[in-house]
Amino acid sequence: MAPRKGSLEAAFARKEKGDTLTTPPSKQSQVATNGADGTPEAPAKRRRLEKGVAQTTPTKPEKVLEKVPEVTLHSGETGPWSLWHGGSAGKDAKELQCPAFDPKLREAEFPVGKPVSFSLLSGALLEIEELKGSGKGSRKTMTVILSNLFRLLMHVQPQDIIAAVYILINKVAPDYEAAELGVGDSIIIKALCENFGRSEATIKHSLASGEAKDLGEVALQSRMSQKMLMMPPKLTIAKVFSEMKAIAHSAGKESQKAKKEKIQKLLVASRGEEAKFIVRMLQAKLRIGIQIPTLLQALAYAFTLTKPGQPSGPAAVTDRRKGQAKLSAAELEPQMIVMEAAVRQAFSELPNFDKLIGALMEGRDGSSLLEVCRISVGVPVKPMLAKPSKGIAEVGERLAGKRFTGEWKYDGERAQIHVLSRDVIQIYSRNSENMTEKYPDVIEVVKQSLAEDVHSCIIDSELVAFDQVNKKILPFQVLTTRGRKNITVEDIKVNVCLFAFDCMLINGQPLVKEPLEVRRDKLWKILWPSEGKVTFAVYRNFSDINEEEIQAFLDESIAGSCEGLMLKTLTENATYEPSKRSLNWLKLKKDYLEGMADSIDVVPIGAYYGKGKRSGAYGAYLLAIYDQENEEFQTVCKAGTGFSDEDLVTHYGFFKTHQRPCAETNYNVNDKLKPDVWLEPCQVWEIRAADLSISPVHTSAFGVKADGKGIGLRFPRFLRIRDDKTPEESTGAEQIVEMFEAQASVSGTAAADDDF
DNA sequence: GTTGTCTGCCC
DNA sequence: ATTCTGC
DNA sequence: GCAGAATGGGCAGACAAC
């Protein structure tokens, strides 16, 4: 058994929360208790702002124009210009890969105004894929290809840029406009089987043997060996996108069949490598090394080098490095840098490619883009995220010499609350999904909690399941049982409390460029807490690194049913601008800390073939503990992370020779977890997890905490092999139960037994 | 009407 | 969510 | 340090199958 005593004791040391009232941040320096214990009076009665928001909102107008950063010309080494001048020698300027690419040179092949063949996009994807991992400068070349693709489209068929971008990110609409493809591996496999006369078994075998690294390659191989007499017309970018939209929009009876048939039609019409990318696109796993940040960079460069024509204005310029008005490197590089920053910021504030590209097509550049792509109520903003920190020492290094704050990290659901008006309130998730329908109760309570002079705002917060009778935070797992659609306030079974911690806009004024200290101050003035409904995240400010105080605050947060702490600078580098650094906050959780986390010794009893870069090895393992009483191995989780590439190879090599044709008789495994390969119980692994939860599929401590259910692990990851243990010496079922009961969010609540 | 499977989305 | 890796 | 790509548990909701 690995050390874990510390965590148990810490978790048992449940702190009774006092009834301390909150005070505004301006009047306090160190407040550790607040919120849930606010006064019970109706907020409306207490609502009286001494200093109204109107007076505290910034008097200076919000800057729209970004100050042009101090730009030093990199010319050659690291700056964007290094992508666009080097490496052209010997390359054909007709090739997308070539930095000197000029869209005009491809006019014969891609006539202006004609729909563009999907093979152009597919070809670019293939080139990019082939560059992946090919060493120095390969990422740069990938960006160049993408940029040049956009430049070409800009010249010949601008409306295809949006289609191409959506295809590249495997979506059909912005995240906040619910439009999901509703296609998964299962439906794709069915489509492939029927279409190419293959069986599911041969497809599985193809993947297991490494013959194909993913379903895209399966599709491609099947398509290649298919003889076609009559070829449907070539696919165009526009056609593929419209089919994707059609797939996303099909719903109701027989919709699965309809989706399958659309997929098959696309595959039949595909040529060359297209089938591979169509399938991957439907899986939302293009896996060619391009995600949104790279896409934004490529767009920025494309719209710097090439200028779209305007309806009644300047004509298009395909290559601003050429012609009479040509610009020098010294002029273009700063433009690229500013454009890239502006595009990133624009997408962060308005994550909508239609609008972003629309603005770029209008000719907006680094200095004017943000005038139209700005944070606004009703459109979710990209949220600030936090980087995991390995320990308090690391936190100290990062924050040394800066004023910072620690906030309790609540275990709930991120909620970005948009008050469009006092009557219209919307709620968005961490990933910009619209959750308004899920939380009518929150909307009501926010309405009642707004200070009088607030008519619009955007608030960042966490929604946490909350026991209104016992005034206690409930586990995340309780929150997940809430319904999501057609929810009415009357039949809500899982109540929540809102813990607010940031504020990005008030009364039309963006606050994203204000430091956290200012934003928090304003937040506290626009929202009135009410017990168990709305409050502020508990925080404590620090002006110096004091490891003991941070540790103590961390312990308090865990005793208070939280996951740990969020650590944020207050003044320096403390704006709300994920475009600049998406992981600008730090998170400190007990399971990151050596000796404070539950670490568990388990036995690998099954394995699953890896996909993509894991193909050719096992990508994940099925892990079990040994239950002495029942003399059987009971599963607790699968593990697919924590392995170095070397580990993956070692494990594969080892377990290849310890396979079993079927499960051992003393394996207690749910059918839904059936691994690709069964393993002999012959090794012990130490793994780590954040929490334990009641599991519908895992069998450890089966029936002990809930009828017909076992206990599973949340966020499991591999740590190391324990050569000093035998499988029978792995963690026992009774220890799993102890760990489950020791969790601060479970102990002392009614949920401790059989409530699941 | 019930049950099972699949998908997307929370973490 | 966590984690590892190439650049 | 960023960006990307592997992978986890578990829930509701939508459909399909029975």
Side-chain angles (χ1 to χ4, degrees), chain A residues 78 132-140 142 175 178 180-190 214 251-257 259 283-295 297 385 387-388 411-415 429-433 435 438 462-463 475-487 494 563 581-584 587 589 591-592 608 610-615 617-623 636-648 671-673 687-698 709 711-719 756:
Chain A
T78 54
K132 206 169 52 159
S134 69
K136 194 164 164 284
S138 57
R139 279 216 67 80
K140 286 182 175 179
M142 289 159 76
D175 297 314
E180 324 307 335
L181 284 172
V183 171
D185 285 0
S186 179
I187 198 168
I188 293 172
I189 289 171
K190 276 182 204 150
D214 61 27
K253 200 164 176 291
E254 308 248 282
S255 60
Q256 302 302 295
K257 198 172 152 216
K259 286 182 185 188
Q283 289 180 293
K285 270 181 194 291
L286 225 38
R287 33 177 306 266
I288 57 167
I290 302 288
Q291 298 286 15
I292 286 173
T294 307
L295 204 56
Q297 190 179 41
L385 302 174
K387 196 182 90 112
D411 191 7
E413 185 168 24
R414 188 85 173 257
S429 77
R430 171 195 150 121
N431 294 314
S432 306
E433 300 281 333
M435 301 196 292
K438 182 177 174 182
E462 191 83 5
L463 287 170
F476 175 75
Q477 202 175 10
V478 173
L479 180 66
T480 63
T481 63
R482 248 185 96 114
R484 295 169 196 173
K485 296 201 161 173
N486 287 318
I487 307 300
V494 176
E563 294 184 286
R581 197 181 279 171
S582 73
L583 306 178
N584 203 25
K587 54 181 165 182
K589 293 168 64 167
D591 57 296
Y592 301 157
Y608 307 85
K611 291 174 183 165
K613 68 181 177 185
R614 295 252 174 112
S615 80
Y618 299 132
Y621 289 83
L622 180 60
L623 306 178
V636 283
C637 64
K638 295 195 281 179
T641 189
F643 308 109
S644 66
D645 288 0
E646 196 191 338
D647 290 336
L648 287 166
D671 286 346
K672 288 182 187 127
L673 293 168
I687 61 166
R688 182 172 289 170
D691 270 317
L692 296 90
S693 58
I694 297 297
S695 172
V697 290
H698 290 293
K709 292 186 177 183
I711 293 176
L713 303 184
R714 189 179 183 202
F715 311 145
R717 55 265 200 194
F718 171 81
L719 290 183
F756 286 93

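Within every chain, numbering begins at 1; the chains are lettered A, B, ... in the order of the sequence lines, protein sequences first and strands thereafter.
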Consider the side chain of [X], meaning its heavy atoms from C-beta on, and name the nucleotide among [options] that approaches it most closely.
{"X": "A:Lys285", "options": "C:dT2, D:dC15, D:dT7", "value": "D:dT7"}
{"X": "A:Glu180", "options": "B:dC9, D:dA6, D:dG9", "value": "B:dC9"}
{"X": "A:Tyr592", "options": "D:dG8, D:dC11, C:dT2", "value": "C:dT2"}
{"X": "A:Arg414", "options": "D:dG9, D:dA12, B:dC11", "value": "B:dC11"}
{"X": "A:His698", "options": "D:dG10, C:dT2, D:dT7", "value": "D:dG10"}
{"X": "A:Lys638", "options": "D:dG9, C:dA1, D:dA5", "value": "D:dG9"}
{"X": "A:Thr481", "options": "C:dT2, B:dT5, D:dA12", "value": "D:dA12"}
{"X": "A:Lys485", "options": "D:dG9, D:dA14, D:dC11", "value": "D:dA14"}
{"X": "A:Glu563", "options": "D:dC11, B:dC11, D:dA3", "value": "B:dC11"}

Considering every strand and a 4.0 Å limit on heavy-atom distances, what is the contact class for [X]: base, sugar-phosphate, or nothing?
{"X": "A:Tyr608", "result": "nothing"}
{"X": "A:Leu713", "result": "sugar-phosphate"}
{"X": "A:Leu623", "result": "nothing"}
{"X": "A:Lys438", "result": "nothing"}
{"X": "A:Ser582", "result": "nothing"}
{"X": "A:Ala251", "result": "sugar-phosphate"}
{"X": "A:Arg688", "result": "nothing"}
{"X": "A:Lys253", "result": "sugar-phosphate"}

Tell me: [atom1] of [X] to [atom2] of [N], nearest whole Å?
{"X": "A:Leu583", "N": "C:dT2", "atom1": "CG", "atom2": "P", "value": "11 Å"}
{"X": "A:Arg482", "N": "D:dA12", "atom1": "CZ", "atom2": "P", "value": "12 Å"}
{"X": "A:Leu385", "N": "B:dC11", "atom1": "CG", "atom2": "P", "value": "10 Å"}
{"X": "A:Asn431", "N": "B:dG8", "atom1": "CG", "atom2": "C1'", "value": "11 Å"}
{"X": "A:Ile288", "N": "D:dA6", "atom1": "CD1", "atom2": "P", "value": "12 Å"}
{"X": "A:Ile487", "N": "D:dG13", "atom1": "CD1", "atom2": "C1'", "value": "11 Å"}
{"X": "A:Arg714", "N": "D:dG9", "atom1": "CZ", "atom2": "P", "value": "13 Å"}
{"X": "A:Leu479", "N": "D:dG9", "atom1": "CG", "atom2": "C1'", "value": "15 Å"}

Relative to A:Tyr621, does A:Lys638 satisfy both conditions: NZ or CZ under 6.0 angstrom from the six-membered ring centre, and within 45 degrees of the ring's axis? no
Return the set of residues passing side-chain hydrogen bond (donor to acceptor under 3.5 Å, both in side chains) with A:Thr481 (not counting sequence neighbours), or none when no residue passes. none
Whether [X] side chain and [Y] backbone form a donor-acceptor pair below 3.5 Å:
{"X": "A:Arg414", "Y": "A:Glu462", "result": "no"}
{"X": "A:Glu563", "Y": "A:Lys589", "result": "no"}
{"X": "A:Lys259", "Y": "A:Leu181", "result": "yes"}
{"X": "A:Arg139", "Y": "A:Gly289", "result": "yes"}
{"X": "A:Glu413", "Y": "A:Leu463", "result": "no"}

Please give me the minimum heavy-atom distance between A:Arg688 and A:Asp591, naming the atom from each residue. CD-O, 2.9 Å
Do A:Asp411 and A:Asp691 come within less than 4.5 Å of each other through their side chains, counting heavy atoms only? yes
Could you pick out which residue, A:Pro696 or A:Gly640, lies toward the 5' side of DNA chain D when each is mapped onto its nearest nucleotide? A:Gly640
Assign each of A:Ile711 and A:Arg581 the nucleotide of DNA chain D bearing its closest heavy atom; nearer the 5' end lies the nucleotide of A:Arg581
Residue set satisfying salt bridge (Lys or Arg N to Asp or Glu O under 4.0 Å) with A:Glu433, at least two apart, ordered chain then number -> none
OP1 or OP2 of [N] sitting under 4.0 Å from any side-chain N/O of [X]?
{"X": "A:Gln477", "N": "D:dG9", "result": "no"}
{"X": "A:Ser693", "N": "D:dG9", "result": "no"}
{"X": "A:Lys587", "N": "C:dT2", "result": "yes"}
{"X": "A:Arg430", "N": "C:dA1", "result": "yes"}
{"X": "A:Arg614", "N": "D:dA6", "result": "no"}
{"X": "A:Ser695", "N": "D:dG10", "result": "yes"}

So does A:Thr641 reach the base of C:dT2 with its side chain, donor to acceptor, closer than 3.5 Å? yes
Ignoring hydrogens and angles, answer whether the base of D:dC11 and the side-chain atoms of A:Arg484 contain a donor-acceptor pair closer than 3.5 Å. yes
Pairs under 3.5 Å (N/O, protein and nucleotides 5-7 of chain C):
{"residue": "C:dT5", "atom": "OP1", "partner": "A:Asp645", "partner atom": "N", "Å": "2.9"}
{"residue": "C:dC7", "atom": "OP1", "partner": "A:Gly135", "partner atom": "N", "Å": "2.7"}
{"residue": "C:dC7", "atom": "OP1", "partner": "A:Gly135", "partner atom": "O", "Å": "3.4"}

Can you list everything that forms a side-chain contact (heavy atoms from CB on, under 4.5 Å) with A:Thr641? Sequence neighbours excluded, please. A:Arg717
Which residues pass the side-chain contact (heavy atoms from CB on, under 4.5 Å) test with A:Asp214, not counting sequence neighbours? A:Glu217, A:Arg280, A:Arg287
Selection: residues 181-190 of chain A, any non-hydrogen atom under 4.0 Å of DNA chain C: none
Count the heavy atoms belonging to other residues, nucleotides or ligands that lie under 6.0 Å from NZ of A:Lys257, then report whether that count exceeds 12. no
